[in-house]
Amino acid sequence: MPELPEVEYASRVLRDAVVGKTVRDVKVLHRAQRRSLTSRSIARVRGARIVAVDRRGKHQLITLSTGDTIVVHFRMTGDWLVDQARLPIDKFARVVLELAGGGRVSLVDPRALSTITLHRQGEEALPALGPDPTDPTLHVDTFGAALSRRRIAIKQALLDQRVLAGVGNIYAAEALWLAKISPRVPASSLSSTRQARLLEAIRSVLAKAQQDTGRYRDDGEGRFEVYDREGMPCSRCGTLIRRIVQGQRSTYYCPHCQRR
DNA sequence: CGTATCCTGACC
DNA sequence: GGTCAGGATACG
């Protein structure tokens with residue numbers, strides 16, 4: 001469940017659970033995570049107090065009293081589980097933070113593709129990222145300039161975190177549908193009018209998702225207009241939604257509303 | 001630029 | 001048994 005709105009929600013859950021607490025111990029339960037979170041890193045975390053939790057794009061940043069920063073990325077299937085250290089561990093727990101006082105936060109991730117890394121103070125903790133689309137100071141011109149430099153399909157440009165941080169496969173498709181833009185047109189070909197319409201659509205789709213996230217857990221039909229709706233009618237025109245593959249990711253779109 | 005790779009589970 | 005999955009990176 002992790003695109004910007006879901007990660008924003010998860011980071012709030014984490015913040016409420018850990019800020020002000022001391023890390024008693026860290027346990028890495030899967031070899032995939034051990035590659036990035038070494039026993040040397042764990043030794044630096046143990047005993048530190050958690051000062052803050054922030055989000056940037058799909059990354060969560062945990063600031064420690066030592067000045068170090070833990071960066072967590074959920075990739076496809078990561079999430080937090082907050083409970084007590086005395087309870088049985090979740091089947092899919094990959095990394096566990098045990099807190100002083102008996103609290104526990106588990107990084108649960110069936111596919112174990114999540115990453116968790118430790119960065120020293122002053123060291124760059126994040127990869128190169130474009131602005132968050134939710135940042136109100138982001139101006140259309142900045143977004144447009146980033147798009148105009150890319151000849152790749154607009155859908156793929158939206159997935160490039162250096163263009164915008166936090167947009168993933170679902171909301172890229174949803175935003176393009178809302179803006180009535182074909183996922184296959186070159187990013188650089190969008191007029192400034194369409195650039196503006198697209199940024200607005202992205203913001204709208206993310207804001208709506210943010211409202212829904214956490215409020216109704218998951219379930220659900222009817223959450224998306226095009227994503228995972230191949231062969232179903234477009235809610236605007238009735239044309240059947242189509243699925244194509246771009247950069248090894250599924251793209252869903254309405255071939256009528258989203259012509260080039 | 002496209003392609004393979006990291007993992008595991010769900011589903012056909 | 002094969003395919004697909006809300007992500008990103010390393011490679012040729």
Side-chain angles (χ1 to χ4, degrees), chain A residues 1-11 28-37 55-61 71-81 89-95 106-117 124-130 132-133 149-177 183-188 202 205-206 208-210 212-214 216-231 241-253:
Chain A
M1 37 187 75
E3 292 191 35
L4 192 153
E6 294 80 16
V7 176
E8 172 62 24
Y9 179 76
S11 72
V28 182
L29 307 180
H30 193 289
R31 60 189 168 86
Q33 275 66 233
R34 191 169 308 273
R35 275 202 288 275
S36 48
L37 198 62
R55 180 198 57 75
R56 176 81 167 85
K58 301 173 199 169
H59 301 261
Q60 295 172 80
L61 299 96
V71 177
V72 179
H73 195 300
F74 283 161
R75 299 288 181 103
M76 303 280 238
T77 48
D79 201 2
W80 296 120
L81 172 65
I89 200 81
D90 187 271
K91 180 182 173 188
F92 297 121
R94 305 308 188 195
V95 178
S106 303
L107 171 57
V108 293
D109 182 1
R111 288 177 70 180
L113 293 173
S114 289
T115 56
I116 175 163
T117 51
E124 186 52 62
L126 295 173
L129 293 175
D132 275 44
R149 285 194 295 269
R150 323 222 158 213
R151 277 185 280 184
I152 54 174
I154 183 60
K155 157 71 166 16
Q156 293 182 260
L158 292 180
L159 295 187
D160 185 338
Q161 302 298 296
R162 293 169 299 188
V163 173
L164 287 178
V167 179
N169 204 39
I170 293 180
Y171 300 127
E174 294 293 294
L176 286 167
W177 178 86
R184 334 163 82 123
V185 298
S188 56
I202 291 166
V205 161
L206 295 180
K208 183 173 181 301
Q210 192 69 70
D212 295 349
T213 301
Y216 319 113
R217 291 303 288 159
D218 278 47
D219 41 46
E221 315 297 312
R223 273 199 309 158
F224 306 126
E225 295 286 354
V226 287
Y227 181 77
D228 203 23
R229 286 178 53 86
E230 183 181 18
I241 301 302
R242 194 168 292 172
R243 172 183 178 271
I244 58 173
V245 175
Q246 296 180 288
Q248 291 124 256
R249 312 294 303 280
S250 290
T251 298
Y252 299 88
Y253 71 107

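Throughout, protein chains are lettered first and strands after them, A, B, ... in sequence-line order, and every chain is numbered starting at 1.
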- Item | No-H, no-angle donor-acceptor pair, A/Gln248 side chain to B/dA4 base, under 3.5 Å |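 In this structure, the two groups form a donor-acceptor pair.
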
- Taking N and O atoms by type only, does the side chain of A/Arg249 place a donor or acceptor under 3.5 Å from a partner on the base of C/dA5?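 A donor-acceptor contact between them is absent.
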
Would you indicate what [X] reaches in the nucleic acid, counting non-hydrogen atoms under 4.0 angstrom: base, sugar-phosphate, or nothing?
X        : value
A/Phe74  : nothing
A/Tyr171 : nothing
A/Arg31  : sugar-phosphate
A/Arg150 : nothing
A/Thr115 : nothing

Short side-chain N/O contact from [X] to OP1 or OP2 of [N], under 4.0 Å:
X        : N     : answer
A/Lys91  : B/dT8 : no
A/His73  : C/dA8 : yes
A/His30  : B/dT8 : yes
A/Thr77  : B/dG9 : no
A/Arg111 : C/dC4 : no

Check the distance between [N]'s [atom2] and [X]'s [atom1] and give it to me in whole angstrom.
X        : N      : atom1 : atom2 : value
A/Asp109 : C/dA8  : CG    : C1'   : 14 Å
A/Lys155 : B/dG2  : NZ    : C1'   : 15 Å
A/Gln161 : C/dT9  : CD    : C1'   : 12 Å
A/Gln156 : C/dT9  : CD    : C1'   : 15 Å
A/Arg75  : C/dG7  : CZ    : P     : 10 Å
A/Leu107 : B/dC7  : CG    : C1'   : 13 Å
A/Asp228 : B/dC11 : CG    : P     : 12 Å
A/Ile116 : B/dC7  : CD1   : P     : 17 Å

- Query: In Å and rounded to the nearest 0.5 Å, what is the OH to CG distance from A/Tyr9 to A/Asp79?
  - Reply: 9.0 Å

- Here the gap from A/Glu6 atom CD to A/Asp212 atom CG, rounded to the nearest 0.5 Å, amounts to 10.0 Å

- Between A/Ser250 and A/Pro127, just flag the one whose closest nucleotide in DNA chain C comes earlier from the 5' side.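 Its nucleotide being nearer the 5' end, the pick is A/Ser250.
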
Looking only at atom [atom1], what distance separates [N] and [M], rounded to whole Å?
N      : M     : atom1 : result
B/dA4  : C/dT3 : P     : 13 Å
B/dT3  : C/dC4 : P     : 15 Å
C/dC11 : B/dC7 : P     : 15 Å
B/dT5  : C/dG2 : P     : 16 Å
B/dG9  : C/dA8 : P     : 22 Å

- In the strands shown, is C/dA10 matched to any nucleotide by a Watson-Crick or G-U wobble pair with both distances under 3.5 Å, and which? B/dT3

- Message: Just so I know, are the side chains of A/Leu126 and A/Leu61 near enough to count as touching, which here means a heavy-atom distance under 4.5 Å?
- Response: yes

- Message: Check whether A/Glu174 reaches the backbone of A/Tyr227 with its side chain - one donor and one acceptor, N or O, closer than 3.5 Å.
- Response: yes

- Which pair of non-hydrogen atoms, one from A/Pro133 and one from A/Leu206, has the smallest distance, and what is that distance?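 Shortest heavy-atom contact: CG-CD1, 3.5 Å.
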
- Message: Set out, in order, the CA-CA distance, both residues' side-chain angles and the distance that settles side-chain contact (heavy atoms from CB on, under 4.5 Å) for A/Trp80 and A/Val72, then state yes or no.
- Response: CA-CA 11 Å; A/Trp80 296 120; A/Val72 179; 3.9 Å; yes

- Side chain of A/Glu3: nearest nucleotide among C/dG7, B/dT8, C/dC4?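 The answer is C/dG7.
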
- Of the nucleotides C/dG6, B/dC1, C/dA8, which one has an atom closest to the side chain of A/Glu6?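 Among the listed nucleotides, the one closest to the side chain of A/Glu6 is C/dG6.
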
- Salt-bridge contact A/Asp160-A/Arg150 (side-chain N to carboxylate O under 4.0 Å): yes

